[in-house]
Visitor: 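Below you'll find the structure I mean.
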Amino acid sequence: MADDKKTAKLHIDGKEYEFPVHSPTAGPDVIDIRKLYGQAGVFTYDPGFTSTASCDSTITYIDGDKGELLHRGYPIDQLAEKSHYLEVCYLLLYGELPSAAQLEDFESRVTNHTMLHEQMQFLFRGFRRDAPPMAIMVGVVGALSAFYHDSTDINDPWQREVASVRMIAKMPTIAAMAYKYTIGQPFVYPRNDIDYASNFLRMCFAVPAEDYEVNPILSRAMDRIFTLHADHEQNASTSTVRLASSSGANPFACIAAGIACLWGPAHGGANQACLEMLREIGTVDRIPEFIARAKDKDDPFRLMGFGHRVYKNFDPRAKVMKQSADEVLDLMGIEDNPTLQVAKELERQALADPYFVDKKLFPNVDFYSGIILEAMGFPTSMFTAIFAVSRTVGWISQWKEMIADPQLKIGRPRQLYVGAGARDYVDIEKR
């Protein structure tokens, strides 16, 4: 909130301009420059918006220097160890942890919305069999607005609520159907008698020819992957959802925009890039060679899955994810999987190497989630799709917060124009 005693002064061509300073609950103060152009006739220039707060929010806070991630004030490691995904969904959506009755009601509402409109099967079948799952998800999620007209009015709080629950419920079904379609297997319908993560695993790996029992260790690991990726403040895809929603677009279109942004390898593809790196290394005996390359400033090779752009100390999600990775690898074994053998040995050598320790290049959440998903049997093409399933609640929470904001305005970033100045048209025969 604003502190009347705090102001920032800007001097331009001998003139002084004064702007209010806002002090957040946590983090650095923010200079309010909304009247900068009107008063001084200038814009700020901030490529990537790395020094610009685009909104105020009560949902998630990150302190990269401390390695801290809070959802509504609760540390992510506590939530991942003691809670589960749908409870975290409730927390993100409504601001507080639910009572037992509230959680039961919420879980029931999500469970009863997991099925897709039957007509949407024909939408899936319009794609080529080799279509990337993310391509299918962008199209299908955007098309939800063509099937669920009763929850697209963003000015109706009840319709916003219904759309929110629908997307959290249907996203695992959509991702699983995209996977089944690309491998040529029949779709598996969701069931109401098993939990969220187990339902997703069953829809991905069950076949009609035999019964499928979900292993509780794999289900818990899947739930943790969902939980640890649920929201991450104003990242690229979340900002995309907010920008799309600022125009008044329907919620399904906004989430489809977030999925499209997440698709980029610089954002949602980090765990996929990590697995591709492990496969490039190939065998355990080649690890020293690649570690040496990672230390060489003149070599373009980088160890994927180590360090994090946001967290300058350690990724607070990684500790919990490592525990799940160890449990899954103990269950599934690594003896017949050279990629997982490389992953375990690379982790051991890197954590014992002073170079990586001094630079705080520890394995991050993407390193461990990639290992888990590989061990479960998911192809790398599904990694980002699973990320989209887990991040859906974060996008929706941010979308709901923005729609309810009385200061909502359509997003319209400015630019530093460096093109040609005004000039007269030249007839074609004179060029």
Visitor: Can you classify the ring geometry of Tyr37 versus Phe43 as parallel (below 30°), tilted (30 to 60°) or perpendicular (above 60°)?
Guide: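 Rings of Tyr37 and Phe43: tilted, 30 to 60°.
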
Visitor: Would you call Asp326 and Lys344 a salt bridge, using N to O less than 4.0 angstrom?
Guide: yes

Visitor: What residues form a salt bridge (charged side-chain N to carboxylate O under 4.0 Å, His left out) with Glu280, not counting sequence neighbours?
Guide: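 Glu280 satisfies salt bridge (charged side-chain N to carboxylate O under 4.0 Å, His left out) with no residue once adjacent residues are dropped.
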
Visitor: Enumerate donor-acceptor pairs with a distance under 3.5 Å from any side-chain N or O in residues 76-83 to protein atoms, sequence neighbours excluded.
Guide:
unit_1 : atom_1 : unit_2 : atom_2 : d
Ser83  : OG     : Glu87  : OE1    : 2.4

Visitor: Checking the side chain of Arg160 only, and the main-chain atoms of Trp399 only, is there a donor and an acceptor separated by less than 3.5 Å?
Guide: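 No.
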
Visitor: More than 12 heavy atoms of other residues, nucleotides or ligands under 6.0 Å from CD of Gln185: yes or no?
Guide: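 Count over threshold, so yes.
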
Visitor: Taking all non-hydrogen atoms of both residues into account, name the closest pair between Ala175 and Val389 and its distance.
Guide: CB-CG2, 3.6 Å

Visitor: If the condition is side chain to side chain contact (heavy atoms under 4.5 Å, CB included), which residues does Glu210 pass it with, not counting sequence neighbours?
Guide: Val207

Visitor: Does a sphere of radius 6.0 Å around CD1 in Ile31 hold more than 12 heavy atoms from other residues, nucleotides or ligands, not counting ones at 6.0 Å or beyond?
Guide: no

Visitor: Hey, are Glu347 and Lys322 close enough for a salt bridge, meaning a charged N less than 4.0 Å from a carboxylate O?
Guide: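 Lys322 and Glu347: salt-bridged.
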
Visitor: Tell me if the CD atom of Glu96 is crowded by more than 12 foreign heavy atoms within 6.0 Å.
Guide: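 For Glu96, atom CD is not crowded (no more than 12 foreign heavy atoms under 6.0 Å).
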
Visitor: Assess whether a salt bridge exists between Arg109 and Asp105, defined as any Lys/Arg side-chain N lying under 4.0 Å from an Asp/Glu carboxylate O.
Guide: yes

Visitor: Does a salt bridge link Glu401 with Arg242, judged by any charged N lying under 4.0 Å from a carboxylate O?
Guide: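 Judged by the 4.0 Å cut-off on N to carboxylate O distance, Glu401 and Arg242 do form a salt bridge.
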
Visitor: Applying side-chain contact (heavy atoms from CB on, under 4.5 Å), run through Leu361 and Leu303 and close with a yes or a no.
Guide: CA-CA 9 Å; Leu361 295 175; Leu303 280 183; over 6 Å; no

Visitor: Take Thr114 and Asn192 through the side-chain contact (heavy atoms from CB on, under 4.5 Å) test and state the conclusion after the steps.
Guide: CA-CA 8 Å; Thr114 52; Asn192 291 351; 4.2 Å; yes

Visitor: What is the ring orientation for Phe205 with Tyr179, classed by angle as parallel under 30°, tilted 30 to 60°, or perpendicular over 60°?
Guide: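 If you compare the ring of Phe205 with that of Tyr179, the planes turn out perpendicular.
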
Visitor: What do you reckon, is OH of Tyr94 surrounded by more than 12 foreign heavy atoms closer than 6.0 Å?
Guide: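 Atom OH in Tyr94 is crowded, with more than 12 foreign heavy atoms closer than 6.0 Å.
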
Visitor: How would you list, by chain and number, every residue that makes a side chain to side chain contact (heavy atoms under 4.5 Å, CB included) with Asp330, sequence neighbours excluded?
Guide: none

Visitor: Start with the C-alpha gap between Ile62 and Glu68, add the side-chain angles, then the distance that decides, and say whether side-chain contact (heavy atoms from CB on, under 4.5 Å) holds.
Guide: CA-CA 6 Å; Ile62 296 172; Glu68 185 176 68; over 6 Å; no

Visitor: Please list every donor-acceptor pair under 3.5 Å in which a side-chain atom of residues 380-387 meets a protein atom from a residue at least two apart or in another chain.
Guide:
unit_1 : atom_1 : unit_2 : atom_2 : d
Thr384 : OG1    : Gly268 : O      : 3.4

Visitor: What's the separation between atom SG in Cys55 and atom NZ in Lys409, rounded to the nearest 0.5 Å?
Guide: 14.5 Å

Visitor: When you look at NZ of Lys295, are more than 12 heavy atoms from neighbouring residues, nucleotides or ligands closer to it than 6.0 Å?
Guide: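 Yes, NZ of Lys295 has more than 12 neighbouring heavy atoms, counting only those of other groups under 6.0 Å.
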
Visitor: Mind checking what makes salt bridge (charged side-chain N to carboxylate O under 4.0 Å, His left out) contact with Asp193, not counting sequence neighbours?
Guide: Arg191

Visitor: If the threshold is 4.0 Å, N to carboxylate O, is there a salt bridge linking Asp353 and Lys359?
Guide: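 Looking at Asp353 and Lys359, the cut-off is not met.
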
Visitor: Could you check Glu107 against His84 for side-chain hydrogen bond (donor to acceptor under 3.5 Å, both in side chains), going step by step and ending with a plain yes or no?
Guide: CA-CA 11 Å; Glu107 290 180 335; His84 64 278; 2.9 Å; yes

Visitor: With a 4.0 Å cut-off on N to O distance, would you call Glu289 and Arg286 a salt bridge?
Guide: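 Yes.
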
Visitor: Around Arg129, counting heavy atoms of other residues, nucleotides and ligands shown, do more than 12 lie under 6.0 Å from its CZ?
Guide: yes

